[in-house]
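Notes to accompany the following structure.
Each residue takes its place number in the sequence, starting with 1.
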Amino acid sequence: MDLVAVAGWEARASALTDRLIELGVLVDPGWIKAFKDVPRHVFVPEVLRGGGVISASDPEWLDLVYSDETLRTQTIAAGEGIGRHEIPTSSSSRPRVMAAMLARLGARPGHRVLEIGTGTGYNTGLLGHFLGPDHVASIDIDPGLIETARHYLAAIGQHPHLTAGDGAEGWPEHGPYDRIIATCAVTSIPPAWIDQLADGGTIVAPFDAGEAGPLLVLTKTKPGEVTGRIDPYPAHFMPLRQRADSPLGPGQTTGFTEPGIPAYGTTTLNPKDVVDVEGTDLALFLWLHAPGLRLASAPGRVFVHTDTALAQADLEPVEPGRWPVQQRGTMRLWDTVEHAYRSWLDLGRPDPSRFGVSAPRDEDQFVWLDNPDSLYSWPLPVPSPL
Ligand SMILES: C[S@@+](CC[C@H](N)C(=O)[O-])C[C@H]1O[C@@H](n2cnc3c(N)ncnc32)[C@H](O)[C@@H]1O
C-alpha cells in the first residue's frame, strides 16, 4: 500500500493540530504547519494495541494514528516464567507531549538539532519540516528502527542525518548542536551531550523520575555545564536504554526478585496519603529520596518498591493513627517514604517547578530546591557502565 497516498489523512492531521492548539501546547506558526503537513500515518503503518496489531488495512487505523495518543510500535519480552511480560521499546509519542517538548526546545530556523531516540522518525520529520532536514541529526540504539525511519522519511522527501548507536554518546559528527532533544528518559545528563551542545544551547529531555515523569529544560550556561529548572509537564517516556536487545534503562531490572525476610512494624503516616501520588507534586520528592521508586496498590494495601527494596502498608489501621507495615530488601523503603513525606510537608509542599538541576560534565550532577546553593540537594544517579 502506498501510505503517502492514503486518502483522508490531511483533514485528520488538521483536526489533531487544532486540538493541540486548543490545549495550548502548539502556538508557533512553524510548528503548527509542521503538525498539519507531516503525515504521522506514514511512520506508523502498524500499531500494537491490547495484545494485537492494528495495521493500515484496519478501518480504525487512520483515526487512531491521528488521535492524541501514544502509539506503541515495538516491545521486547522481559522477565521469567509467569512474570514474563512485554515492555515497550519504541513508540510514536503522544502528540501533545511532542508539541510541548518542541515548544520548550525553542529551536529557530538555522539551528542544528540532535534528537536522541529516532523511533518511528515522526518527530524527526517534524524537526526536518521546521528546520530543514539537513539541520537535523537523529540517533537510535536500534539499527532496525533507523532503517525503517530512514525509509519513512525518504517517502515524504526528507533525508536528515540518521545513525544507529547509543544516544548517551551523542553524535559529534554533525555538532555542535544548538539544541538537543531526547525522546527517551534520563536519570542524569550524559557528558557527551554537554560537550556537543553549543554555548547557550538548550537540552530538553524527559526526566526518568518515576511516577512524576517531568521534563528537564537545561541551558549551557558555561563550558562543561548545563543547568535549569525542572518543568512539571508530565512527559512519561521509556528509558534511555543501554542495549538494543533490552527494554531496560541503567540500573533497572524486570522486578523485585530478592524478597528476603521482612521487617514488621507500624507507621503513623496514613498510607492513603501516598497512594494517589501519581502526577502529584509529592511524586518527584519521593523519587529524589529513593531513585527508582514505584507505587502500586492492591485491595487493602499500598506497595512502594524499587528494584532492590519493597514495602507494603495496610490501609486499615491497627489502632487509630497507626498502620501495619512490612519492609524488605536493601533499604527500609517505607521509613524513607515517611521521612520524605514529612520533609515535603515541612518545606511547604514544594511543587516540581521549585526544583532545578545542575549538571556539570565532570562533577556530581544534582537536583536542588529553589537555587543551586540551597540547603537541600539530591544527587542524580549516574548510570554505571555495562
Ligand atoms: C518514545 S520512542 C521515540 C519516539 C520517536 N521520537 C518518534 O517520534 O517516533 C523512544 C526511542 O528511544 C530509543 N532509545 C532508547 N535508548 C536509546 C539510546 N541509548 N540511544 C538512542 N536511542 C535510544 C528507543 O529505541 C526508542 O525508539
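Donor-acceptor pairing under 3.5 Å is lacking for the side chains of S246 and R241. With 3.5 Å as the limit, one finds no donor-acceptor pair spanning the side chains of Q242 and D166.
Residues L145 and T118 have side chains not in contact (no heavy-atom distance under 4.5 Å, counting atoms from C-beta outward). Side-chain atoms of Y341 and F285, non-hydrogen and from C-beta on, never get closer than 4.5 Å to each other. In this structure, P88 and M238 have side chains that are in contact, with non-hydrogen atoms separated by less than 4.5 Å. Annotation: side chain of V47 is not in contact with side chain of R72 (no heavy-atom distance under 4.5 Å). Taking the side chain as every heavy atom from C-beta outward, E338 and T268 approach each other to under 4.5 Å. Between P39 and I156, the closest side-chain pair of non-hydrogen atoms falls below 4.5 Å. Side-chain contact between T120 and L71 is absent, with no heavy-atom pair separated by less than 4.5 Å. Considering only heavy atoms from C-beta on, P350 comes within 4.5 Å of W344 through its side chain.
E60 pairs by the side-chain hydrogen bond (donor to acceptor under 3.5 Å, both in side chains) definition with nothing, not counting sequence neighbours. Residues forming a salt bridge (Lys or Arg N to Asp or Glu O under 4.0 Å) with R12 (at least two apart in sequence, or on another chain): D63. Considering only residues two or more places apart in sequence or on other chains, W9 meets the side-chain hydrogen bond (donor to acceptor under 3.5 Å, both in side chains) condition with none of them. Partners of Q74 by side-chain hydrogen bond (donor to acceptor under 3.5 Å, both in side chains), not counting sequence neighbours, listed by chain and number: T89, D142. For the side-chain hydrogen bond (donor to acceptor under 3.5 Å, both in side chains) test, no residue two or more places apart in sequence or in another chain qualifies with H135.
Listed by first then second residue, pairs satisfying side-chain hydrogen bond (donor to acceptor under 3.5 Å, both in side chains) with a partner in residues 90-100 read R40-S92, D68-R96, not counting sequence neighbours. Under the side-chain hydrogen bond (donor to acceptor under 3.5 Å, both in side chains) criterion, the residue pairs touching residues 151-162 are D134-H161, with sequence neighbours excluded. Note on residues 194-232: pairs passing ring-ring contact (aromatic ring centres under 6.0 Å, His included), not counting sequence neighbours, are F207-W287. Pairs of residues two or more places apart, or lying in two chains, never qualify as ring-ring contact (aromatic ring centres under 6.0 Å, His included) while including a residue from residues 177-203. Screening residues 195-206 for salt bridge (Lys or Arg N to Asp or Glu O under 4.0 Å) gives D195-R361 as the qualifying pairs, with residues at least two apart or on separate chains. The ring-ring contact (aromatic ring centres under 6.0 Å, His included) analysis of residues 307-336, with sequence neighbours excluded, yields no pairs.
In terms of modelled atom types and a separation under 3.5 Å, the side chain of H289 and the main chain of V337 share no donor-acceptor contact. Of the possible polar contacts, none joining the S14 side chain to the E10 backbone as a donor-acceptor pair under 3.5 Å is found. Side-chain N or O atoms of K220 include none that pairs as donor or acceptor with a backbone N or O of A198 at under 3.5 Å. Of the possible donor and acceptor atoms, one in the side chain of R179 sits under 3.5 Å from a partner among the backbone N and O of L105.
Aromatic rings from W61 and Y66 are positioned such that their centres are separated by 6.0 Å or more. The distance between the ring centers of Y376 and W368 does not fall below 6.0 angstrom.
Of the charged side-chain nitrogens involved, at least one lies within less than 4.0 Å of a carboxylate oxygen, so that D231 and R104 count as a salt-bridged pair.
Think of I76 as one node in a network of Ile, Leu, Val, Met, Phe, Trp and Tyr side chains linked at under 4.5 Å; it has no links at all.
The aromatic rings of Y122 and F35 sit perpendicular to each other, their planes meeting at more than 60°, with 30° as the lower class boundary.
Y233 and V27 are not part of a single hydrophobic cluster, where members link through side-chain heavy atoms under 4.5 Å apart.
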